[in-house]
Every structure is written in structure tokens, then in C-alpha cells.
Amino acid sequence: MSRPVAVVTGAGSGIGRAVTLALLDYGYSVALAGRRTEALEETIADSEVVPDATLAVPTDVADPAAVDALFDAALERFGRIDLLFNNAGSFGRPAPFEDYAREEWRTVVDVNLTGAFLCAQRAYRAMKEQDPRGGRIINNGSISAHTPRPNAVAYTATKHAITGLTKQLALEGRAHGIACGQIDVGNAATEMTAGIARGALQADGTTAPEATMDAANVARAVLYMAALPLDANVLSMTVMATGMPFVGRG
């Protein structure tokens, strides 16, 4: 097919939806993955592409069988995979470290880390075997891959681990024409960050509203990374709301 092919996880809302729309507008065919079929269909409805350029596949990325079904469907429909945007994730329920529920830990790790591994592995295999071979994987790392928020041990640990996954893929992918990079997003205005704009717990124990930015800015950054030739790679990029308390002392 003449259009490059992308798989986007978490495509039903927020950053995933914004990136999906940007890729479709740029000329990609996109397999959209997410838990809710209706949300994926809403993303497609927001675009103006021809129907055969999209494929909605309800997917729980923590379920290996569901991930296999996603990539099998994408390959059957489009024939190859040029890009994976590994975006699906969950913040989990905030709690102090000593009170953090073990069940919640497992849930967040399964989605944020194991899910990213499962999707990356299937994309990697396809990119290694297809002709012409190669492709690009972009992992959504989050600013929490660098600096934690209070009461978010599972989210912080998984996002730090995504950095390790990104580097491992970037290393092993060299031999197969597979590039891997990570985008660390700070305070994009989505459903997940709605509470941050109203007031978020700070490291000093106070609660303060934080600046946010339009998720379209993230989509433009991902599109830049995706559009590079495979002999060039953005290993790490941070895109954030200018006024958020990340650099300096708050």
C-alpha cells in the first residue's frame, strides 16, 4: 500500500487521539487500539480520511492474546507496520508509598510496562521480517520517567522502566533498520490531567494548579519524530507546558 502504516495504542482519547489524527492527516493508515470501541470510532469520526485508511481494534494491551490479535489484524489489513506509537497507559490511584495497594501496582505495571513490551515486541518482529524491512517505535515515557510526583510509585517506576525499554530497542534495532525513541510529555491537557489544572499535590505538601498545554503540541512532536528517515533517530524528546513545575525548584 502507498500509505505508511502506524499502530497507535490508547488511540481513543487524549494524546493517542491527537497523534492518530495528526498521522492520518499526514498520510498514514492507522490501526487504532484502545479499550473502548466507541472511543476509537469517535477518533476516526474526527478525521477526514477515507474509511480504508483506519482500523479500530478494541485492545487490552496487558493481555498478550489481545495484543497478538491487534497486530494480526493490522498486518492482515495493511500488510506491514512502519510505526508504533506505544502510548497506552494508566496513572493508577494515588496513594502514599506505604499504603500503595499491591493490586494497583500490578495493574499499572501490566498496562504501562508489560503492555508496552508486548506491543513493541510484535511491532519489532513485523518490522524485522517485512520487505522493505525496518520501522520506528516511539514510546510515551512521560516526565515521570525523570522526576516523580508524590503518591505515584507505580506510574513513576513504570515510566522510568520505559526509558530502559527504549534504549534496549534502539540498541538491538540497529541491525534491522528499526529506530526507537521516547517522548516525555509534561501536562498535556487531557482527561488524565484535568485535575492537575485545578490543583495538584506538590512535593512540599501544598496543592497548586499547574500549567497545561494543548495535546496537539505533542502530536506535532511525535509527527516530527515519525517523519525522520530511518537513518536518523530522536532517542529522547521532552515536550511540556512551559509554566509547569519541572525544572528548577518549582
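- Taking 4.5 Å as the limit, some side-chain heavy atom of Ile15 sits within range of a side-chain heavy atom of Phe85.
- Hydrophobic clustering (ILVMFWY, side-chain heavy atoms < 4.5 Å, transitive): Val30 and Met127 are in distinct clusters.
- The side-chain heavy atoms of Val7 and Arg122, taken from C-beta on, include no pair separated by under 4.5 Å.
- Put simply, CZ on Arg149 and NZ on Lys159 are 13.5 Å apart, with the number rounded to the nearest 0.5 Å.
- Phe91 and Tyr155 have tilted rings, their planes meeting at an angle from 30° to 60° on a 0 to 90° scale.
- In this structure the side chain of Ile196 never reaches within 4.5 angstrom of the side chain of Met244, judged on heavy atoms.
- In the hydrophobic clustering of ILVMFWY residues, with side-chain heavy atoms under 4.5 Å counting as a link, Val185 and Leu83 come out together.
- Distance alone, capped at 3.5 Å, is enough to place a donor-acceptor pair between the Thr59 side chain and the Val57 backbone.
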Run Asn139 and Cys180 through side-chain contact (heavy atoms from CB on, under 4.5 Å) and show every step you take.
CA-CA 8 Å; Asn139 293 323; Cys180 184; 3.7 Å; yes
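- Looking at every heavy atom in both residues, Val8 comes nearest to Gly16 through CG1-O, 3.8 Å.
- You'll find the side chain of Thr54 reaches within 4.5 Å of the side chain of Leu32, heavy atoms only.
- Atom OH in Tyr124 sits 14.5 Å away from atom CD1 in Ile81 (nearest 0.5 Å).
- Minimum heavy-atom separation, Ala120 to Ile137: O-CD1, 3.9 Å.
- Between the OG atom in Ser29 and the CG atom in Leu55 there is a gap of 10.0 Å [rounded to 0.5 Å].
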Pair Arg136-Asp82, salt bridge (Lys or Arg N to Asp or Glu O under 4.0 Å): steps then yes or no
CA-CA 6 Å; Arg136 188 178 304 275; Asp82 298 288; over 6 Å; no
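- Of all heavy-atom pairs spanning Ala241 and Ala211, the tightest one is CB-O, 3.5 Å.
- Of the possible polar contacts, none joining the Asp99 side chain to the Pro96 backbone as a donor-acceptor pair under 3.5 Å is found.
- Put simply, the side chain of Val108 reaches to within 4.5 Å of the side chain of Glu104, judged on heavy atoms.
- In this structure, Arg17 contributes its side chain and Ala39 its backbone to a donor-acceptor pair below 3.5 Å.
- Across Gly186 and Met213, no two heavy atoms sit closer than the pair O-CE, 3.7 Å.
- Heavy-atom contacts from other residues, nucleotides or ligands closer than 6.0 Å to CD of Glu38 number more than 12.
- With hydrogens and angles disregarded, a donor-acceptor distance shorter than 3.5 Å links the side chain of Thr9 to the backbone of Ala88.
- Among all heavy-atom pairs drawn from Ile44 and Ala56, the shortest one is CD1-CB, 4.0 Å.
- Here the straight-line distance linking atom CD of Gln121 with atom CG of Leu165 works out to 10.0 Å at 0.5 Å rounding.
- You'll find the side chain of Ser90 stays beyond 4.5 Å of the side chain of Thr107, heavy atoms only.
- Hydrophobic cluster membership is shared by Val5 and Leu70, with clusters built from Ile, Leu, Val, Met, Phe, Trp and Tyr side chains linked at under 4.5 angstrom.
- With hydrogens and angles ignored, the 3.5 Å screen pairs no side-chain donor or acceptor of Thr206 with any backbone N or O of Gln202.
- For residues 30-52, no residue pair satisfies the ring pair (Phe, Tyr, Trp, His ring centres under 6.0 Å) rule, not counting sequence neighbours.
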Could you go step by step and tell me if Phe71 and Arg125 meet the side-chain contact (heavy atoms from CB on, under 4.5 Å) rule?
CA-CA 10 Å; Phe71 282 88; Arg125 289 173 177 168; over 6 Å; no
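- Smallest separation of non-hydrogen atoms from Glu210 and Ala200: OE2-CB, 3.8 Å.
- Under a hydrophobic-cluster definition in which Ile, Leu, Val, Met, Phe, Trp and Tyr are linked whenever side-chain heavy atoms come within less than 4.5 Å, directly or via other members, Phe117 and Leu169 are assigned to the same cluster.
- Asp110 meets the side chain to side chain donor-acceptor pair (under 3.5 Å) test with no other residue; sequence neighbours excluded.
- The shortest distance between side-chain heavy atoms of Leu228 and Asn233 does not fall below 4.5 Å.
- In terms of modelled atom types and a separation under 3.5 Å, the side chain of His160 and the main chain of Ser144 share a donor-acceptor contact.
- For the atom pair CG of Asp131 and CZ of Arg80, the computed distance is 8.0 Å after rounding to the nearest 0.5 Å.
- Side-chain contact between Val218 and Asn140: absent, with no pair of heavy atoms (C-beta onward) separated by less than 4.5 Å.
- Grouping the Ile, Leu, Val, Met, Phe, Trp and Tyr side chains by contacts below 4.5 angstrom, directly or via other members, places Leu235 apart from Leu171.
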Determine whether Ile183 and Val222 satisfy the following criterion, side-chain contact (heavy atoms from CB on, under 4.5 Å), listing intermediate values before the conclusion.
CA-CA 7 Å; Ile183 185 163; Val222 171; 3.9 Å; yes
For side-chain contact (heavy atoms from CB on, under 4.5 Å), just list the numbers for Asp60 and Arg35, CA-CA rounded to whole Å, side-chain angles, deciding distance to a tenth of an Å, and then say yes or no.
CA-CA 6 Å; Asp60 176 1; Arg35 290 179 179 272; 3.4 Å; yes
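- Side-chain atoms of Glu41 do not come within 3.5 Å of backbone N or O of Ala45 as any donor-acceptor pair.
- In this structure, CD in Gln182 is found 7.0 Å from CD1 in Ile162, a value given to the nearest 0.5 Å.
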